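Worksheet: one structure, shown below.
Numbers restart at 1 for each chain; the letters A, B, ... are given by sequence-line order, proteins then strands. Here the structure is a predicted model, which means the values were calculated and not measured.
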Amino acid sequence: MPREHPIVAENSLTGKKERVVPLEGSRVRMYVCGLTPYDAAHLGHARTYVGFDVIRRWLQHRGYGVLHVQNITDVEDKIIDRAMQTGDDPLLLAERNHKLAEEDFARLRILPPHLTPRVSEFIPQIVELIERLIARGHAYEGKGNVYFSVGSFPQYGALTHPNQEQMLEGVRKDVAEGKRGAEDFALWKAAKPGEIWWDSPWGKGRPGWHIECSAMSNTLLGATFDIHGGGMDLKFPHHENEIAQSEAATGQPFVKTWLHCGFLTVQGEKMSKSLGNFVTLRDALAKNEPEVLRLLFVSTHYRSRIDYSEAALAQSAVVVQRIRTALENVEHAKGKDGRSDVEEHRLLAQLDHAKQRFEQAMDNDFDTPGALAQLLEMVGVLNKMASHPVSRTALERGELQFRTYANVLGVLPGAKQSASAGAEQGLLDLLLQVRQEARLAKQFAISDKVRDGLAALGFVIEDSADGPRVRRT
RNA sequence: GGUGGGGUGGCCGAGCGGUUAGGCACCUGACUGCAGAUCAGGUUUGAGCGAGUUCGACUCUCGCCCCCACCUCCA
């Protein structure tokens with residue numbers, strides 16, 4: 001259990017930075033609004049989930065036990081529409097897309113949530129919650145639909161402070177059957193012909209949007225929990241309605257800290273399926289290392305907007321390569337185990353300083369750009385350690401520290417295939433040997449021809465004090 | 001229109017009432033046959049505009065301009 005609680009985070013509910021102190025011991029209960037998997041996951045989704053992944057990793061690094069629940073909204077209008085078009089079973093369609101998204105997220109090194117509840121698995125809990133809301137006078141049935149009575153919950157709007165007009169404009173016109181207050185929203189929708197349905201005390205139907213998150217979080221995390229997150233766009237009406245449903249049903253505060261991620265934009269516009277300007281995560285992963293995408297995401301604060309572009313991605317790739325090079329330099333330096341000296345102590349002290357500032361940055365509302373700056377500071381120190389060279393012990397200590405913090409951001413690149421295997425490796429070694437001999441004989445035209453030729457084939461040769469190094473592009 | 005967030009050096013992007021953010025790009029030097037990597041240093045006397053508070057503001061206050069998001073489904 002952490003001895004103290006150094007982390008502060010900006011709570012969307014209050015707009016202020018608040019100390020993160022778990023409601024119960026050192027255990028943080030976190031609910032993140034997940035995907036509605038009617039289609040492939042795109043980079044915008046990736047941004048949000050990497051954001052919460054880093055938050056979770058930092059909480060864990062600080063000694064908290066995080067229970068991470070992230071739902072899958074597998075019963076929803078868009079899924080039903082899509083399934084109707086293709087003739088698919090809506091639940092199977094959702095499950096299929098979810099599996100694909102899960103694979104993508106895993107490749108992005110996003111830690112899987114501990115629980116991934118589906119709406120279709122929580123129908124009894126949802127029905128029970130709606131019944132409770134009706135019993136408490138916060139909901140009513142009309143023509144097979146059930147609505148939440150916004151008027152019965154005077155505290156409505158704590159998160160986004162919508163005015164009356166907004167609440168009225170915010171309602172959906174197509175589900176107005178049997179509705180009393182224009183600002184009321186659906187908890188249960190009567191089934192239309194051909195739609196998926198479940199039996200309920202109000203007839204055949206399905207849950208409205210919003211209610212599933214209240215039912216699932218209440219069942220899995222309790223009436224009150226620590227952190228609830230999602231994209232900025234979910235604040236209104238989704239999260240506002242969740243608060244109303246949950247607090248009206250339990251009479252207890254719903255969530256202590258609300259965290260919202262900013263958007264990924266393309267040329268200044270939000271990346272979304274409806275705008276058609278999205279890049280699927282799968283495509284992005286086919287063209288970029290996962291660490292490059294993560295680095296792009298963490299180089300901006302989680303609440304800020306990230307403008308996606310090829311140029312930004314290219315810049316991230318350069319930084320990832322810089323990290324990889326530093327680790328390679330350290331690896332090579334380990335072979336020549338130097339002496340501990342004053343310089344070594346100075347470098348270790350610099351490393352320690354960067355570590356402290358990294359921690360300060362992360363403690364301060366998960367300031368990943370600030371933390372990244374310190375991580376790159378460590379890269380510089382590591383390179384100095386590699387060229388000094390210092391003792392093997394110091395190198396190993398430095399490397400371990402660096403890896404620990406790089407892992408918090410999830411930007412530690414995996415080793416690239418150093419070269420190749422079998423006969424190819426033999427040919428490569430032979431060419432390098434011939435090139436070395438040419439260099440020693442000052443036959444630079446020949447040695448450069450070998451280097452250029454190999455570069456064209458994807459093998460970059462870099463000469464160093466202790467021989468040539470091969471890197472694959 | 002309402003609500004919320006923001007406008008920082010060529011580009012990306014933080015913190016902070018006075019002390020170098022960091023990266024990318026570019027230039028110079030060291031190292032190298034050259035290149036690359038790395039290190040050292042430098043470039044733009046940074047802060048949308050105007051006014052105010054202050055010994056001092058990029059950081060606080062007010063006004064104006066502009067951008068984005070939410071207000072319909074949305075991560």
If you check every side-chain atom of [X], which of [options] has the closest atom?
X	options	value
A:Glu462	B:C70, B:A69, B:G36	B:G36
A:Asn329	B:A37, B:C70, B:G22	B:A37
A:Arg357	B:A75, B:A37, B:A21	B:A21
A:Ser447	B:G33, B:A14, B:A75	B:G33
A:Asp463	B:A14, B:C67, B:G33	B:G33
A:His301	B:A75, B:U38, B:A14	B:A14
A:Asp367	B:G36, B:A14, B:A75	B:A14
A:Phe236	B:A75, B:C70, B:C67	B:C70
A:Pro369	B:C39, B:G13, B:A35	B:G13

[X]: which residues meet the side chain to side chain donor-acceptor pair (under 3.5 Å) condition with it, sequence neighbours left out?
X	answer
A:His68	A:Arg56, A:Gln70
A:His238	A:His210, A:Glu242
A:Glu103	A:Arg282

Between [atom2] on [N] and [atom1] on [X], what's the gap in Å once rounded to a whole number?
X	N	atom1	atom2	value
A:Leu295	B:A14	CG	P	13 Å
A:Asp452	B:A35	CG	P	13 Å
A:Arg469	B:A37	CZ	C1'	8 Å
A:Asp39	B:A75	CG	P	11 Å
A:His239	B:A75	NE2	P	10 Å
A:Asn383	B:A40	CG	P	9 Å
A:Lys189	B:C73	NZ	P	8 Å
A:His260	B:C71	NE2	P	12 Å

Using a cut-off of 4.0 Å on non-hydrogen atoms, how would the nucleic acid contact of [X] be classed: base, sugar-phosphate, or nothing?
X	value
A:Gly34	sugar-phosphate
A:Gly51	nothing
A:Ser299	sugar-phosphate
A:Thr368	nothing
A:Gly230	sugar-phosphate

**Message:** The test is side-chain contact (heavy atoms from CB on, under 4.5 Å); show your working for A:Tyr31 and A:Met216 and say whether it passes.
**Reply:** CA-CA 9 Å; A:Tyr31 185 96; A:Met216 295 187 285; 3.7 Å; yes
Can you confirm whether the side chains of [X] and [Y] place a donor and an acceptor under 3.5 Å from each other?
X	Y	value
A:Gln443	A:Ser447	no
A:Arg357	A:Gln360	no
A:Asp307	A:Thr265	yes
A:Thr36	A:Glu76	no
A:Gln433	A:Asp429	no
A:Asn329	A:Arg469	yes
A:His45	A:Asp104	no

Provide the distance between the two [atom1] atoms, one in [N] and one in [M], to the nearest whole Å.
N	M	atom1	result
B:G5	B:A51	C1'	24 Å
B:C58	B:G50	P	13 Å
B:C12	B:A21	C1'	14 Å
B:G7	B:U61	P	14 Å
B:G56	B:C68	C1'	33 Å
B:G48	B:C67	C1'	11 Å
B:C60	B:G17	C1'	8 Å
B:G9	B:C24	C1'	13 Å

If you take atom types as modelled and just measure distance, does the side chain of [X] reach the base of [N] with a donor-acceptor pair under 3.5 Å?
X	N	value
A:Arg471	B:A37	no
A:Lys235	B:C70	no
A:Asp448	B:G33	yes

**Item:** Separation of A:Leu285 CG from A:Phe105 CZ (nearest 0.5 Å)
**Value:**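 Separation between the atoms: 10.0 Å.
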**Item:** Of A:His42 and A:Ile461, the one whose closest RNA chain B nucleotide lies more 5'
**Value:**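 With A:His42 and A:Ile461 compared, the 5'-side residue is A:Ile461.
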**Asked** Between A:Lys384 and A:Leu264, which has a closest nucleotide on RNA chain B that is more 5'?
**Response**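 Per heavy-atom nearest nucleotide, the more 5' residue is A:Lys384.
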Pairs: protein N or O with nucleotides 23-25 of chain B N or O, under 3.5 Å:
unit_1: B:G23; atom_1: N2; unit_2: A:Gln315; atom_2: OE1; d: 3.4
unit_1: B:G23; atom_1: N2; unit_2: A:Gln315; atom_2: NE2; d: 2.7
unit_1: B:G23; atom_1: N3; unit_2: A:Gln315; atom_2: NE2; d: 3.3

**Request:** Give me the one residue out of A:His345, A:Arg346, A:Arg339 that meets side-chain hydrogen bond (donor to acceptor under 3.5 Å, both in side chains) with A:Glu343.
**Result:**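 So the option named by the test is A:Arg346.
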**Asked** According to a strict under-4.0 Å criterion, is A:Ser304 in side-chain N/O contact with OP1 or OP2 of B:A14?
**Response**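 Yes.
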**Message:** Is there a side-chain contact between A:Phe366 and A:Val54 in this structure, where contact means two heavy atoms from C-beta onward sitting under 4.5 Å apart?
**Reply:**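 They are not in contact (no side-chain heavy atoms under 4.5 Å apart), so the answer is no.
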**Request:** Kindly assign one of parallel, tilted or perpendicular to the pair A:His239 and A:His228, based on the angle between their ring planes and the thresholds 30° and 60°.
**Result:**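 Ring orientation of A:His239 relative to A:His228: perpendicular.
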**Message:** Short of 4.0 Å, heavy atom to strand atom, which residues of residues 433-446 of chain A count as contacting RNA chain B?
**Reply:**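 The answer is A:Arg435, A:Arg439, A:Phe444.
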**Message:** Give me the stems containing RNA chain B, sorted by first residue, counting only three or more consecutive Watson-Crick or G-U pairs with both distances under 3.5 Å; say none if there aren't any.
**Reply:**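 For RNA chain B the paired stretches long enough to count as stems (3 pairs minimum) are B:1-7 with B:65-71, B:10-12 with B:22-24, B:26-30 with B:38-42, B:48-52 with B:60-64.
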